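Report on the following structure.
Everything numeric here is computed off the predicted structure, so don't read it as measured data.
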Amino acid sequence: PHYTSPMPSPTINHEKAIARDWALLSGLTFCFACGFAVYNGIFANFIREDLGVGPSQLGWLESLREVPGLLTAFTAGTLVVLAETRLSFLAIAVCALGVGITGYAWNFHSLVAIVVLWSVGGHIWFSLSPAIIMTLGQGQDSGRHLGRMGSVGALGTLLTLGLTVGFSQWYKTAHPGGHMPYRTLFLIAGGMMFVGALLALRISHRACTQGERERLVWRGEYRLYYLLTFLEGCRRQIFTTFAPFVLIVVFHTPVQTMLMLAFVNAAVSMVCAPLVGRWIDRCGERYALTLYNLCLIAVFCGYAWFLDVRILYGLFVLDNLLFSFGLGITLYLNRIVRPGDLTPSLAMGTTMNHVAAVLVPVTGGILWKTMDNYRIPFWIGIAVVIWSLLAVRRLPGGEITGPVGER
């Protein structure tokens with residue numbers, strides 16, 4: 001007799017397709033993190049050693065870099081006809097180009113142009129990434145999924161920084177007094193990111209919003225989310241702009257030590273990000289964000305008062321660990337969002353995040369220079385975190401029961 005093999009179950013096929021999409025998204029996240037790790041690990045030393053950028057110029061550079069973030073909602077809205085995965089390819093490819101040519105900057109003005117270029121693509125991807133993750137997760141255990149992808153990115157950062165640290169140590173030994181080949185390292189970073197862009201093209205429609213997506217979303221019911229993202233932009237920009245620069249300019253930290261700190265940060269994130277995500281799923285956003293802000297007050301106080309660089313190194317790592325708790329803001333939006341609003345609302349959140357980010361770095365840089373006191377930005381940061389802590393207390397308590405909207 002003739003036997004025919006049974007048809008594969010639609011459920012099995014669907015599960016395989018979902019698993020394939022998760023694998024592609026993991027690969028994309030890994031490659032992007034690898035490239036960005038190299039970029040972040042050497043950028044501060046590059047602009048100081050090769051271009052002689054000072055605190056005031058750094059403030060202007062960081063503010064101009066955040067202008068594309070300020071326009072994310074409008075940029076993403078004009079490209080609403082593209083599915084999230086296709087838009088991701090375009091965004092990451094632009095980011096890869098800008099990162100790759102960073103080493104070719106010959107003065108401050110060319111550096112600004114290149115940084116703004118990659119920032120356009122980078123900020124669109126940063127707003128798309130959580131939307132794709134939560135859509136693939138079908139609205140369930142969103143904290144766990146966001147934490148898991150954070151862990152994948154941290155793994156890429158960890159491995160890449162390990163190689164970069166090893167290379168920098170070898171180069172220092174092989175070429176005593178020689179100049180780090182920043183241009184080559186930036187090209188490698190851009191190439192890694194572009195591989196991630198190619199992977200984005202292969203992710204299926206399951207990771208995209210089903211039905212029509214709004215071009216632009218601004219709703220009064222999301223006002224607490226907008227406020228929290230605004231304040232997070234203030235405090236994050238203060239720390240990421242001035243903390244590394246304080247270590248380099250004030251405490252003369254070499255590039256090898258900065259890379260080692262980034263390596264430790266990646267190791268901590270890889271282990272802690274998924275744990276934090278699952279914990280937020282269980283405990284709710286209000287409790288997690290309250291703890292987050294209380295710890296941030298301690299971090300900013302440390303940078304404003306301590307002079308022992310070893311303590312500052314520890315606080316630098318602690319701030320990175322706390323970053324995972326910021327997922328609570330995204331999870332709060334996912335809890336309250338209307339159907340079809342998730343992607344454009346995250347883009348609007350990125351815009352709100354950068355309203356302050358455009359003003360804070362340049363203001364902090366000018367105050368540092370005019371008053372000759374590097375502590376001033378951190379004092380401002382303490383006030384911002386206290387405001388954020390008060391806003392967090394208005395969040396609903398309890399466990400996350402899932403979003404009202406997009407699944």
Side-chain angles (χ1 to χ4, degrees), residues 62-63 65-77 91 119-120 122-134 142-143 146-147 150 214 216-241 276-277 280 284-293 295-297 300 319 322-338 341-361 380-381 383-396 400 403-406:
E62 291 299 311
S63 289
R65 180 175 69 87
E66 300 304 338
V67 169
L70 181 64
L71 302 175
T72 296
F74 306 97
T75 307
S119 180
V120 171
H123 281 102
I124 293 177
W125 165 242
F126 296 147
S127 67
L128 285 173
S129 174
I132 293 174
I133 292 168
M134 290 188 289
S142 295
L146 288 169
E214 295 288 340
L216 196 64
V217 168
W218 176 270
R219 303 194 193 280
E221 65 204 74
Y222 302 156
R223 61 185 177 276
L224 184 54
Y225 167 72
Y226 298 145
L227 175 61
L228 289 172
T229 54
F230 167 77
L231 294 173
E232 176 67 4
C234 286
R235 90 95 199 152
R236 191 70 194 164
Q237 204 60 39
I238 291 171
F239 194 86
T240 57
T241 300
V276 171
I280 298 175
E285 308 96 346
R286 186 173 67 178
Y287 185 83
L289 290 173
T290 298
L291 178 62
Y292 173 55
N293 284 283
C295 293
L296 285 175
I297 292 173
F300 278 96
D319 178 82
L322 293 173
F323 183 70
S324 298
F325 285 82
L327 294 175
I329 300 174
T330 301
L331 294 174
Y332 166 65
L333 174 68
N334 196 41
R335 181 205 287 242
I336 65 171
V337 75
R338 294 186 190 182
D341 275 8
L342 183 57
T343 297
S345 293
L346 287 168
M348 181 59 73
T350 301
T351 292
M352 292 303 301
N353 185 282
H354 289 79
V355 168
V358 170
L359 301 175
V360 167
I380 296 172
V384 169
V385 176
I386 291 174
W387 186 5
S388 181
L389 179 62
L390 295 174
V392 162
R393 302 312 297 166
R394 295 165 54 192
L395 288 172
I400 298 173
V404 211
E406 205 166 68

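We find the CG-CG distance between Leu224 and Leu333 to be 11.0 Å, quoted to the nearest 0.5 Å. Interatomic distance, Ile133 CD1 to Leu128 CG, rounded to the nearest 0.5 Å: 11.0 Å. The CG atom of Leu291 lies 7.5 Å from the CG atom of Leu322; values are rounded to the nearest 0.5 Å. Note that OH of Tyr292 is 6.5 Å distant from CD1 of Ile329, once rounded to the nearest 0.5 Å.
Remark: the backbone N or O of Pro396 is not paired with any side-chain donor or acceptor of Tyr332 at under 3.5 angstrom. Judged by distance alone, with hydrogens and angles left aside, the side-chain atoms of Arg223 form a donor-acceptor pair with the main-chain N or O of Gly220 at under 3.5 Å. Asn293 places a side-chain N or O within 3.5 Å of a backbone atom of Leu289 that can act as its donor or acceptor partner. Judged by distance alone, the side chain of Ser129 and the main-chain N or O of Trp125 form no donor-acceptor pair under 3.5 Å. Judged by distance alone, with hydrogens and angles left aside, the side-chain atoms of Ser388 form no donor-acceptor pair with the main-chain N or O of Val384 at under 3.5 Å.
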**OP:** Could you walk me through whether Arg236 and Leu296 pass side-chain contact (heavy atoms from CB on, under 4.5 Å), step by step?
**Re:** CA-CA 10 Å; Arg236 191 70 194 164; Leu296 285 175; 6.0 Å; no
**OP:** Please test Gln237 against Arg65 for side-chain contact (heavy atoms from CB on, under 4.5 Å), starting from the C-alpha separation and ending with a verdict.
**Re:** CA-CA 11 Å; Gln237 204 60 39; Arg65 180 175 69 87; 3.4 Å; yes
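Contact of the Phe300 side chain with the Arg235 side chain is registered, since non-hydrogen atoms from C-beta on lie closer than 4.5 Å. You'll find the side chain of Val337 stays beyond 4.5 Å of the side chain of Arg219, heavy atoms only. Between Leu228 and Leu395, some side-chain heavy-atom pair lies under the 4.5 Å cut-off.
Residues Ile280 and Ala288 come closest through the heavy atom pair CG1-CB, 3.8 Å. Thr330 approaches Pro130 most closely through the heavy-atom pair CG2-CB, 4.2 Å. Closest non-hydrogen pair, Ala391 versus Leu227, comes out as CB-CD2, 3.8 Å. In terms of heavy-atom proximity, Ser345 sits nearest to Tyr222 at OG-CE1, 3.5 Å.
Taking a 6.0 Å sphere around OH of Tyr287, one finds it holds 12 or fewer heavy atoms contributed by other residues, nucleotides or ligands. Remark: Phe323 CZ is loosely packed, at most 12 non-hydrogen atoms of other residues, nucleotides or ligands lying under 6.0 Å away.
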